[in-house]
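A note on names: the letters A, B, ... follow the listed sequences, proteins ahead of strands, and every chain is numbered from 1.
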Amino acid sequence: MHLSEQEIQRRSDREELEKLGIDPYPSETFPVNVSTRDIHENYEKRKMDYKDISLAGRMMSRRIMGSASFAEIQDSRGRIQLYVRRDDICPGEDKTLYNTVFKKLLGIGDILGVKGFVFTTQTGEISIHVKKLHLLSKSLKPLPVVKEKVDEAGNLQTWDAFTDHEQRYRQRYVDLIVNPEVRNTFVQRTKVVNSIRNYLNDRGYLEVETPVLQPIYGGATAKPFKTHHNKLDMSLYLRIANELYLKRLIVGGFDGVYEFAKDFRNEGMSRFHNPEFTQVELYVAYKDYIWMMDLVEKMVEKVALDLHGTTEVQVGENVINFQRPWKRYTMFEAIEHYTGVDISGMDENQLRETALEMDLELDGSMGKGKIIDEIFGERCEPHLIQPTFITDYPIEMSPLAKKHRSKEGLVERFEAICNGKEVCNAFSELNDPQDQRERFEDQLELGKRGDEEAMVLDEDYLRALEYGLPPTAGLGVGIDRLVMIMTNQNSIQDVIFFPQMKPEKKAEVSSVQDYIDHGVREELVPILEKLGIQTIIQLKELNPNKLFNDVCGMRKKMKLKEVKNPTLDEVKAWVEALN
RNA sequence: GAUUCCGUAGCUCAGCUGGUAGAGCAUCUCCCUUUUAAGGAGAGGGUCCUGGGUUCGAGCCCCAGCGGGAUCACCA
């Protein structure tokens with residue numbers, strides 16, 4: 001493994017610490033009695049309470065000014081400045097702890113425990129005057145150092161920010177250490193989930209768990225991930241939704257169930273799509289979609305209030321206001337409003353023509369429902385910035401929703417659209433088993449026409465419906481997208497800790513032992529590595545005379561006086577062994 | 001999957017028409033009793049993503065690949 005200069009330095013610092021009898025990874029607990037946030041919030045009010053404090057965290061900066069130093073330590077809540085004076089942490093004659101350990105062997109990124117008292121410096125910064133200093137964990141990787149300053153206007157300026165998306169997502173731990181707003185986004189994410197969970201629990205709905213591995217996937221139109229169970233020797237699918245299982249539970253007699261579900265869809269990725277994502281689905285017996293619209297409005301309004309204390313949320317250029325009531329359009333009204341065309345009476349051919357006139361791309365597998373969905377998705381959805389309910393969808397695109405009580409060809413379904421994207425989907429659940437069977441059969445037909453997302457027929461679900469599903473309202477809320485809006489993030493990757501990425505490629509590198517086994521003296525290995533040789537195989541292609549010269553030259557350049565040069569015969573042996 | 005942009009030191013980024021690689025921070029050494037992104041002085045640090053090609057000569061030009069971003073498509 002190739003180590004950078006700084007990594008080698010840190011490994012050597014670690015060894016020096018051990019030689020001084022300091023365990024770089026001690027096992028004893030370090031008692032903490034205060035957080036940085038507690039100090040910042042309460043010190044001014046209750047100064048006497050902060051005379052004997054104990055705090056742990058990661059050292060983020062260090063400024064040495066002779067026999068006194070300043071450092072910043074970061075815990076899970078924030079940062080605070082440390083004031084470390086030589087004669088305080090080294091009261092006796094031996095000044096090693098300050099001069100050697102603190103000034104030389106510790107570094108940015110190390111996790112420290114400190115004991116002392118809180119005070120305010122001459123420049124007015126609340127700080128900890130350190131009396132005792134403990135190393136709790138030595139960091140061997142240099143941390144990207146981000147400097148920040150609040151200017152007179154109150155704006156946060158940053159220098160050398162850690163911004164590379166690939167590194168931030170692959171090494172989220174580093175992202176979290178150096179970019180505090182990232183941590184905050186994820187705290188907010190959990191608040192969104194808690195807010196919804198509390199809302200639903202307060203109404204007496206039961207949080208449940210249903211299978212992730214499903215023999216028949218269902219509940220949505222999407223392509224699944226397929227896997228295999230060895231002992232049962234059968235195919236299983238990672239769920240694309242949990243809808244059908246939750247409704248089985250309503251059949252079983254629960255009157256309100258919900259689940260925060262990780263769902264998996266084997267489709268494209270974008271800033272709105274990760275292969276695994278989170279939805280909360282809720283089913284409530286003896287209710288309909290109109291009732292559910294009220295619930296969504298109240299619940300999401302509460303989420304905004306819980307997070308921000310207001311119903312208004314800044315999202316990109318827009319301020320989105322979640323205050324009830326939200327606008328409501330039927331799907332046909334929305335299309336007419338944004339395109340001027342009334343499609344409510346059209347058959348499939350007329351719809352196809354209309355869509356083509358709007359320059360939309362269609363393919364042969366698209367039925368009536370998909371075409372309408374295409375028109376809506378292209379011409380209406382992007383315009384819907386403020387939260388808006390779209391109701392009464394065509395029956396063809398909603399195989400699990402109940403027929404509309406009064407409008408022919410439609411179902412009792414709504415979506416809430418916000419910032420141009422769907423954030424939830426709900427309907428009065430179809431509970432007529434015969435109708436449901438026919439809808440599944442229509443889906444099979446679509447599947448035969450080439451629609452890869454068409455649903456498959458689930459006999460067990462139909463059997464459950466035959467026992468009788470009460471009238472039920474169902475809801476799915478995309479948590480990732482709701483969090484994106486609530487936290488003003490532009491990409492789903494910024495609200496998922498570990499978004500899916502291609503694996504990092506590992507460069508093939510021979511180990512020192514590989515070289516020794518090949519007859520290369522250990523002390524010569526760093527020279528070969530320095531010459532850019534990664535694997536022993538590479539030696540095969542080299543001219544032994546040139547390699548001999550290069551090794552001797554590099555030994556001189558690296559000033560390795562104690563290393564004996566190889567002989568030409570030695571080098572020839574390395575190369576010939578491979579040819 | 002398509003289009004397009006990007007990949008240079010631990011981090012952020014320069015690098016001209018092709019002429020053997022630079023800055024700030026970080027690191028190291030020395031000096032220094034309270035500083036506010038930054039105390040002073042000095043030093044070291046590079047597979048210029050990878051592999052081919054063109055050329056006397058490639059970080060730069062051409063081709064292929066890998067990884068990532070953005071937009072579009074599919075979708076939530």
In whole Å, measure the gap between the [atom1] atoms of [N] and [M] for me.
N: B:U55; M: B:U20; atom1: C1'; value: 15 Å
N: B:C63; M: B:U4; atom1: P; value: 12 Å
N: B:A41; M: B:A23; atom1: P; value: 15 Å
N: B:C74; M: B:U12; atom1: C1'; value: 37 Å
N: B:G67; M: B:U50; atom1: C1'; value: 11 Å

Scan [X] against the nucleic acid and name what it touches under 4.0 Å (heavy atoms): base, sugar-phosphate only, or nothing.
X: A:G268; value: base
X: A:E276; value: nothing
X: A:R271; value: sugar-phosphate
X: A:T221; value: sugar-phosphate
X: A:M269; value: base
X: A:A68; value: nothing
X: A:E381; value: nothing
X: A:R168; value: nothing

Length of the [atom1]-[atom2] vector between [X] and [N], whole Å:
X: A:N266; N: B:G1; atom1: CG; atom2: C1'; value: 14 Å
X: A:I64; N: B:U36; atom1: CD1; atom2: C1'; value: 16 Å
X: A:L82; N: B:U35; atom1: CG; atom2: C1'; value: 13 Å
X: A:R85; N: B:U34; atom1: CZ; atom2: C1'; value: 10 Å
X: A:L3; N: B:G10; atom1: CG; atom2: P; value: 11 Å
X: A:Q81; N: B:A37; atom1: CD; atom2: C1'; value: 13 Å
X: A:F272; N: B:G69; atom1: CZ; atom2: C1'; value: 15 Å
X: A:R63; N: B:C31; atom1: CZ; atom2: C1'; value: 19 Å

Exercise for the section: Establish whether the base of B:U35 is bridged to the side chain of A:E125 by a donor-acceptor pair shorter than 3.5 Å. Expected result: no

Exercise for the section: Look at the side chain of A:T121 against the base of B:U36 and say whether a donor-acceptor pair falls under 3.5 Å; ignore hydrogens and angles. Expected result: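 Yes.
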
Can you tell me the base-pairing partner of [N]? Count Watson-Crick or G-U wobble geometry only, both distances below 3.5 Å, and say none if there is no partner.
N: B:U20; value: none
N: B:A2; value: B:U71
N: B:A64; value: B:U50
N: B:A38; value: none

Electrostatic pair [X]-[Y], nearest N-O below 4.0 angstrom:
X: A:K141; Y: A:E7; answer: yes
X: A:D175; Y: A:R183; answer: no
X: A:E16; Y: A:K19; answer: yes

Grab the N/O contacts between the protein and nucleotides 26-30 of chain B below 3.5 Å, and write none if there aren't any.
{"unit_1": "B:A26", "atom_1": "OP1", "unit_2": "A:K147", "atom_2": "NZ", "d": "3.4"}
{"unit_1": "B:A26", "atom_1": "N3", "unit_2": "A:Q6", "atom_2": "NE2", "d": "3.1"}
{"unit_1": "B:C30", "atom_1": "OP2", "unit_2": "A:K104", "atom_2": "NZ", "d": "3.4"}

Practice task
On RNA chain B, check which nucleotide each of A:R265 and A:P144 is closest to and give me the residue with the more 5' one.
Solution key: A:P144

Handout entry: Upstream residue (5' side of RNA chain B) when A:F277 and A:Y169 are each assigned their closest nucleotide
Key = A:Y169

Practice task
Anything under 30° is parallel, anything over 60° is perpendicular, the rest tilted; go ahead and classify A:H383 against A:Y338.
Solution key: parallel

Practice task
For residues A:F119 and A:Y83, establish whether the separation of their ring centroids is below 6.0 Å.
Solution key: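 Yes.
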
Exercise for the section: Check each residue of residues 415-430 of chain A for a non-hydrogen atom within less than 4.0 Å of any atom in RNA chain B, then write out the ones that pass by number, or none. Expected result: A:K421, A:E422

Exercise for the section: Mark yes or no for whether A:R86, through its side chain, and A:Y98, through its backbone, hold a donor-acceptor pair below 3.5 Å. Expected result: no

Practice task
Indicate yes or no for a side-chain donor-acceptor contact from A:K138 to the backbone of A:L105 under 3.5 Å, with no hydrogens or angles considered.
Solution key: yes

Problem - Separation of A:F277 CZ from A:I492 CD1 (nearest 0.5 Å) - result: 8.0 Å

Handout entry: Residues forming a ring-ring contact (aromatic ring centres under 6.0 Å, His included) with A:F117, sequence neighbours excluded
Key = A:H129

Problem - Any side-chain donor near an acceptor of the partner, A:T210 and A:E259, under 3.5 Å - result: yes

